[in-house]
Protein chains: 2
Amino acid sequence: MASHTNDPPVATDGREIGERAKATRRKLLDATRVLLTRHGFSDVRLVDITREIGASPATFYQYFTDIDDALLALSNEVTENSGALIELLEAPWAEPADYERAVAFIDAYIAYWADNRAVLRVRNLKAEEGNADFRRARSAAQLPLMQAISTKVENNMAAGRISADLDTQATAAAVLAMLERLTAYRAELSARGTGGAALETTLSRIVFQLVTGHSNV
Amino acid sequence: MASHTNDPPVATDGREIGERAKATRRKLLDATRVLLTRHGFSDVRLVDITREIGASPATFYQYFTDIDDALLALSNEVTENSGALIELLEAPWAEPADYERAVAFIDAYIAYWADNRAVLRVRNLKAEEGNADFRRARSAAQLPLMQAISTKVENNMAAGRISADLDTQATAAAVLAMLERLTAYRAELSARGTGGAALETTLSRIVFQLVTGHSNV
DNA sequence: TGTACATCAGTGAACGCGCGTTCACTGATGTAC
DNA sequence: TGTACATCAGTGAACGCGCGTTCACTGATGTAC
């Protein structure tokens with residue numbers, strides 16, 4: 001394990017792999033993703049994955065040591081694709097007019113989760129169960145976001161808009177926790193009459209207030 | 001499934017069970033909980049559970065149809081034990097001095113998660129994967145809390161402390177989401193220098209502000 | 001351009017293990033008189 | 001209080017299935033000349 005944290009991918013025997021093999025590896029990862037979305041995590045078997053792409057189970061072992069290894073590779077990919085989110089946090093949130101930036105970030109965050117829900121779910125489960133590799137994957141994704149938000153909080157605190165005895169790291173963590181978890185509630189809230197639009201607006205307002213201290217937008 | 005949502009427990013063949021059987025069922029549930037905490041969810045096997053209490057795997061089938069059935073029973077138990085949390089939300093949060101109530105609630109919430117982490121984790125996973133029984137279990141636990149918080153937000157909104165164009169349900173959901181998710185980050189935050197005390201204080205302050213509109217405690 | 005050879009990629013077929021599951025049974029507990 | 005019987009609770013032993021895993025192989029692709 002921990003063998004797929006970087007490019008380029010290598011086969012399990014250590015040699016580098018060509019185009020054809022890369023495509024097969026890709027197909028295996030995509031199939032894993034599909035099965036993870038279609039069924040529950042505990043129903044995804046190694047043989048199902050290879051069946052899905054019409055390959056022999058032996059093929060799987062050319063690229064991954066076991067299912068966890070493939071899940072970890074997916075998790076790391078998902079982390080790598082979070083760069084766009086970080087970029088949306090580069091500009092400062094200071095003036096009330098910066099609210100639009102918060103909205104853009106939150107929209108992107110929700111979309112990111114919608115796209116990667118099944119993988120993120122498993123990554124977080126494994127991380128919370130104590131698996132070191134998945135812990136690292138989760139941290140790699142979250143720390144940059146947390147750092148960026150924490151810095152914003154700090155700046156706004158320095159400007160006197162946020163109470164100085166709040167912990168900036170903890171505040172940033174709270175914001176991220178809220179965003180992350182709420183994406184799981186969306187379906188249920190919708191069913192109970194709180195539509196996606198109301199949720200997004202309220203969420204943006206809350207996040208902007210927590211980070212900047214501006215309550216009246 | 002869905003057979004263990006209410007007391008008293010019955011055997012899988014339908015008859016009511018006596019004291020001895022009740023104790024065995026209890027032991028099976030406790031063992032499941034222990035294994036869930038000790039290992040990852042996907043490593044918990046039916047035979048492990050019975051091995052843990054020195055019983056035959058056949059015994060398991062007297063009380064549960066399969067592992068999911070036992071997990072669901074545990075989930076429902078955990079829901080039933082959340083009554084204390086609701087009680088902590090009965091008194092109003094309106095005056096700045098009510099902050100202590102928020103702190104008490106948040107402490108209780110954190111403790112509740114610490115005690116039931118392994119079960120709640122699986123419940124949420126299954127719910128998010130679309131399992132109807134676990135969805136129901138999760139809703140049964142969350143809706144009362146959400147309702148109670150939503151009412152508080154409404155009252156404070158009526159008193160003019162909270163912007164009237166926020167959605168009260170969405171705000172309540174945001175608060176709960178934040179609490180729920182942050183419990184998973186605690187270990188990591190501690191490791192990075194943001195101790196439990198700082199986290200709890202910041203969290204309490206944020207929650208109190210979101211619910212009541214009081215920012216200066 | 002064509003042929004020979006080397007390396008890369010994929011698999012068929014087999015394996016053994018351990019899991020979930022079943023059922024006829026034995027043993028434990030409760031009850032009637 | 002003691003005995004006979006009924007019901008409750010637990011299990012030994014067996015089963016078959018499907019999974020993960022392996023390895024010697026075949027086929028596909030690349031390269032040298």
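Letters A, B, ... mirror the listed sequences (proteins, then strands); counts begin at 1.
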Report the distance from atom [atom1] of [X] to atom [atom2] of [N], rounded to the nearest whole Å.
X: Asp66(A); N: dC19(D); atom1: CG; atom2: P; result: 17 Å
X: Phe60(A); N: dA9(C); atom1: CZ; atom2: C1'; result: 16 Å
X: Ile53(A); N: dG10(C); atom1: CD1; atom2: C1'; result: 10 Å
X: Leu46(A); N: dT21(D); atom1: CG; atom2: C1'; result: 9 Å
X: Ile67(B); N: dC19(C); atom1: CD1; atom2: C1'; result: 10 Å
X: Asp43(A); N: dG18(D); atom1: CG; atom2: P; result: 15 Å
X: Ile17(A); N: dT29(D); atom1: CD1; atom2: P; result: 16 Å
X: Ile49(A); N: dG18(D); atom1: CD1; atom2: P; result: 18 Å

Look at the aromatic rings of Phe208(A) and Tyr99(A) and report parallel, tilted or perpendicular, splitting at 30° and 60°.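 Ring orientation of Phe208(A) relative to Tyr99(A): perpendicular.
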Report which part of the nucleic acid Ala21(A) touches: base, sugar-phosphate, or nothing (heavy-atom distance under 4.0 Å, all strands). sugar-phosphate
Once you apply a heavy-atom cut-off of 4.0 Å, does Tyr61(A) come out as touching a base, just sugar-phosphate, or nothing?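 Result for Tyr61(A) = base.
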Which distance, rounded to the nearest 0.5 Å, do you find between the CD of Gln209(B) and the CG of Leu210(A)? 6.5 Å
Which nucleotide wins on minimum distance to the side chain of [X], given the candidates [options]?
X: Gln62(A); options: dT11(C), dC19(D), dG10(D); value: dT11(C)
X: Arg45(A); options: dC19(C), dG20(D), dT11(C); value: dG20(D)
X: Ser56(B); options: dT22(D), dT11(D), dC19(D); value: dT11(D)
X: Thr24(B); options: dA9(D), dA9(C), dT22(D); value: dA9(D)
X: Thr59(A); options: dT11(C), dG20(C), dG12(D); value: dT11(C)

May I ask which nucleotide in the shown strands pairs with [N], Watson-Crick or G-U wobble, both distances under 3.5 Å?
N: dC17(C); result: dG18(D)
N: dT11(C); result: dA24(D)
N: dC5(D); result: dG30(C)

Do [X] and [Y] sit within salt-bridge range, that is, some charged N less than 4.0 Å from a carboxylate O?
X: Glu188(B); Y: Arg138(A); value: yes
X: Asp30(A); Y: Arg33(A); value: no
X: Arg135(A); Y: Glu129(A); value: no

If only side-chain N and O atoms of Tyr63(B) are considered, is one of them under 4.0 Å from the OP1 or OP2 phosphate oxygen of dA9(D)?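 Negative; the distance criterion is not met.
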Starting at the 5' end of DNA chain D, which residue's closest nucleotide do you reach first, Arg20(B) or Pro57(B)? Arg20(B)
